[in-house]
Amino acid sequence: MKLIKNSVFGLSALALLLSMNACKPKDAGSVVSGDAASKTYVAPGKYDEYYNFVSGGFSGQLAVYGLPSGRLLRVIPVFSVDPEKGWGYSEETKPMLNTSHGEVPWDDLHHVSMSQTKSVIDGRWVFVNGNNTPRVARIDLKTFRTAEILELPNSGGNHSSPFITENSEYIVAGTRFSIPLDDQNGDVPINTYKQNFKGTISFISVDKDNGNMDVAFQLKTPGVNFDLSRAGKGKSAGWFFFSCYNTEQANTLLEVNASKNDKDFIMAVNWKKAEELIKAGKGKKQAVKYASNRFDEKTHTATSRMKNEVTVLDIKDHPGLVYMIPCPKSPHGVNVDPTGEYIVGSGKLAAILPVFSFDKMQKAIANKTFEGDYQGIPVIKYEAALHGEVQKPGLGPLHTEFDDKGNAYSTMFVSSEVVKWNVKTLKVLDRQPTYYSPGHLMIPGGDSGKPTGKYMVVYNKITKDRFLPTGPELSQSAQLFDISGDKMQLILDFPTIGEPHYAQAIAASAIRENSTKLFKIEENSHPYVSKGEGETKVVRKGKEVHVNLTLIRSHLTPDNIEGIKVGDEVYFHATNLEQDWDVPHGFAIKGALTAELLVMPGETTTLKWIPKKAGMYPMYCTDFCSALHQEMSGYIRVSPAGSNVAISYSTGTNQPKSAVTAKK
């Protein structure tokens, strides 16, 4: 009976959710006002005001949309192979997907965090998480390409990630699934969770000049599930706040067994103190194995290094490092307002929004106003840290962002709405329906010290009837609101890739002029670059054949190749000789078991091909480049293994038939 009683709200919420989404609200067509089209219209030839970087969820990729148009500008390959661009297929990019488990060609990308300087988004890098096989990636906003992927040891689900400190000193990642740590025997009964399972929080250093990442240190924590996190700012700079659930430490049927407690916790971590402890040598070295993968834009090539050690601080050994703040119930989001004073917890099974005060938290710590401890971590009394509760904001609060006028905006998953409220007075100011079941929301700069107050995008989990039906799998949904006035105004629906979770946006003017337009051919230091057609060649090294190939409007050099044999490993090193913006070339071969290459101006990229049978194989440019694009093609002759056909190659010359015939 006790179990049933404690899960009543969760079951009621589920029933309400199902009933709410059973049919379309009667006023769904009238919530968009007549001037919405003019507010989202971007005329031909004009640019959007913002870049909007949106997580691709189960697609494993990062999408870039323009705001306010909602136009998809680009899909950036990150954790999942992409045959369109050759990502994960070209020899140069294969190392980017390497892990301690081998090549992992997919991941679940949930969260986006842009680099900051003095708590202001600066437009240098975007960091994203791989939730499944724990990884963090860095995208360079000069090239809009993935520049680095770092695997995280001691982690079983990298959901609470990647969140950034106010000057991009660290990217921080909390494990979703507590597990036995990597240097422990993981072959233990699952029901020994409370004895053997631990959580970790990883602090990943970011080089201030080039963005390169590494695991600086990890905190060993009790075996809870970390959901989301946010760094302090302003007065709370030097602290990090994590939402924790499954404080019951259940290992089965979590929907019931991890929802028993009326309150779970927000974990407050003094990361400055942790940094001091590490510098003082208090951390312990632990043997682990994790991959560090980086892409070099000068060589156009990625390298993967396996690392074998990490420094770990056990928080129970260091009083004053971590505190727990009770938070109802099964908290999902945790957000810090622009001043750094207010910390908003979002209990997804709660009907209130608790707002905590950093000043009150500090006072409670100083006065030791605790209500006991959780596995050795002091638990601050709820009322001692509480600024107040937003009453009846809606059902199922998940995420909160802030504008520049002292207001907060929270999504309500169960009641399918977004609610605007004042951070100091805690009064609800407005509420608008969303379609349907919103998760994250995004205001440009809304998690930083300098938010804007013009647009808000809500990312919905259920689309139902918002777009044309596409069979059983529906497109994902985002909704753009104008928040410049007292009332929120829905002005646009637009579909997104994957399942969107979190997103961030930045003014286009902060990035646009720094965007790389082409790679200078004279600076290309790829080991197989051909900086002109005179440098092209075909060289056999045993069973390896290296083809230094060039692409230029509108031919390949060479475009006739003979002497390739069945079973050879053929490496096509394709260099795009163009030095004109917006003239990429593609390269593909019939029957290749990899992908095409998409080669940018001045770039060199490699396709590996192993022919399986003798014959004639066309090769061609796949990206339309000129009126004679169709003519940009050639042939590869493949002879049987063991034949005596010599390597020969040419462009524009019909070579005489080889005098050496194939062996019978």
Item checked: I483 side, atom CD1; N407 side, atom CG - distance, nearest 0.5 Å -> 8.5 Å
Checklist line | Heavy-atom side-chain proximity of I497 to Y65 below 4.5 angstrom | finding: yes
Notebook entry, point to check: Can you tell me if N52 uses its side chain to pair, donor with acceptor, with the backbone of L67 under 3.5 Å?
Noted result: no
Checklist line | M600 side, atom CE; K517 side, atom NZ - distance, nearest 0.5 Å | finding: 15.0 Å
Check: Backbone N or O of H332 within a donor-acceptor pair of the S243 side chain at under 3.5 Å?
Finding: yes
Note to self: Given 3.5 Å as the limit, does a donor-acceptor pair link the side chain of S416 with the main chain of S437, or not?
What the structure shows: yes
Note to self: Is there a side-chain contact (heavy atoms from CB on, under 4.5 Å) between V428 and V390? Walk through the geometry before answering.
What the structure shows: CA-CA 7 Å; V428 172; V390 182; 3.9 Å; yes
Next item on the list: Classify the side-chain pair D359/S357 by whether it contains a donor and acceptor separated by less than 3.5 Å.
Entry: no
Check: Any sub-3.5 Å donor-acceptor pair from D35's side-chain atoms to K39's backbone N or O?
Finding: no
Next item on the list: Mind listing the closest non-hydrogen atom pair of F177 and T175 along with its distance?
Entry: O-OG1, 3.0 Å
Next item on the list: Please determine which of V457, D493, V458 meets the side chain to side chain contact (heavy atoms under 4.5 Å, CB included) test together with L480.
Entry: V457
Notebook entry, point to check: Is the closest side-chain donor-acceptor distance between N212 and D207 under 3.5 Å?
Noted result: no
Check: Hey, does the side chain of S448 reach the backbone of V120 with a donor-acceptor pair shorter than 3.5 angstrom?
Finding: no
Next item on the list: Mind listing the closest non-hydrogen atom pair of L353 and S410 along with its distance?
Entry: CD1-OG, 3.5 Å
Checklist line | Short side-chain to backbone donor-acceptor contact, S115 and W125, under 3.5 Å | finding: yes
Next item on the list: Specify the closest pair of heavy atoms between E401 and L441, including all atoms of both residues, with the distance to one decimal.
Entry: CG-O, 3.6 Å
Check: Between K348 and Y245, is NZ or CZ placed under 6.0 angstrom from the six-membered ring centre and within 45° of the ring axis?
Finding: yes
Check: When rounded to the nearest 0.5 angstrom, what is the spacing between NZ in K450 and CG in D404?
Finding: 10.0 Å
Next item on the list: Please determine which of Y170, F242, W239 meets the ring pair (Phe, Tyr, Trp, His ring centres under 6.0 Å) test together with W271.
Entry: Y170
Check: To the nearest 0.5 Å, how far apart are CZ in F494 and CG in L72?
Finding: 9.5 Å
Notebook entry, point to check: At what distance, to the nearest 0.5 angstrom, does CG of L109 lie from CZ of F58?
Noted result: 12.0 Å
Check: Under the side-chain contact (heavy atoms from CB on, under 4.5 Å) criterion, do S346 and T400 qualify, and how do the steps go?
Finding: CA-CA 8 Å; S346 298; T400 299; 4.0 Å; yes
Margin query: Could you measure the distance from the OG1 atom of T411 to the NE2 atom of H440? Nearest 0.5 Å is fine.
Written below: 8.0 Å
Notebook entry, point to check: Just wondering, do T133 and F79 contact through their side chains at under 4.5 Å, heavy atoms?
Noted result: no
Checklist line | Y47 atom OH: more than 12 heavy-atom contacts under 6.0 Å | finding: no
Check: Looking only at heavy atoms, which two atoms of H159 and N131 are closest? And how far apart?
Finding: N-OD1, 3.2 Å
Item checked: Heavy-atom side-chain contact between Q61 and S80 under 4.5 Å -> yes
Notebook entry, point to check: Would you say the side chain of V344 lies within less than 4.5 Å of the side chain of W421, judging by non-hydrogen atoms?
Noted result: yes
Notebook entry, point to check: Is there a side-chain contact between V136 and E148, using heavy atoms and a 4.5 Å cut-off?
Noted result: no
Check: Taking side chain as C-beta onward, heavy atoms only, is V334 less than 4.5 Å from I343?
Finding: yes
Next item on the list: Applying ring pair (Phe, Tyr, Trp, His ring centres under 6.0 Å) between H387 and each of F356, Y382, Y342, report the one that passes.
Entry: Y342
Notebook entry, point to check: Is NZ or CZ of R230 both nearer than 6.0 Å to the six-membered ring centre of Y502 and within 45° of the ring axis?
Noted result: yes
Check: How about L228 and H111: do any of their side-chain heavy atoms sit closer than 4.5 Å?
Finding: yes
Item checked: Test item: N132 side-chain N/O and D107 main-chain N/O as donor-acceptor pair under 3.5 Å -> no
Item checked: Closest contact, heavy atoms only, P500 versus S477 -> CG-O, 4.2 Å
Check: So R145 and T143, side chain to side chain donor-acceptor pair (under 3.5 Å) or not? Walk me through it.
Finding: CA-CA 5 Å; R145 288 180 167 184; T143 61; 5.4 Å; no
Notebook entry, point to check: With no hydrogens and no angle check, is any side-chain donor or acceptor of T247 less than 3.5 Å from a backbone partner on D264?
Noted result: no
Notebook entry, point to check: Salt bridge check: are K142 and D140 linked by an N-O gap of less than 4.0 Å?
Noted result: no
Margin query: Within a 6.0 Å radius of atom NZ on K405, are there more than 12 heavy atoms belonging to other residues, nucleotides or ligands?
Written below: yes
Margin query: Can you confirm whether M361 sits close enough to Y323 that some side-chain heavy atom of one is under 4.5 Å from a side-chain heavy atom of the other?
Written below: no
Check: Within the side chain of N129, is there an N or O that forms a donor-acceptor pair under 3.5 Å with the backbone of P162?
Finding: no
Note to self: Checking the side chain of N422 only, and the main-chain atoms of K427 only, is there a donor and an acceptor separated by less than 3.5 Å?
What the structure shows: no
Margin query: One pair to check against side-chain contact (heavy atoms from CB on, under 4.5 Å): T221 and V322. What are the steps and the verdict?
Written below: CA-CA 9 Å; T221 73; V322 175; over 6 Å; no
Notebook entry, point to check: Which pair of heavy atoms, one from K461 and one from H501, lies closest together, and at what distance?
Noted result: NZ-ND1, 3.4 Å
Margin query: V336 vs F402, test: side-chain contact (heavy atoms from CB on, under 4.5 Å). Steps then yes/no.
Written below: CA-CA 9 Å; V336 181; F402 306 91; 5.8 Å; no
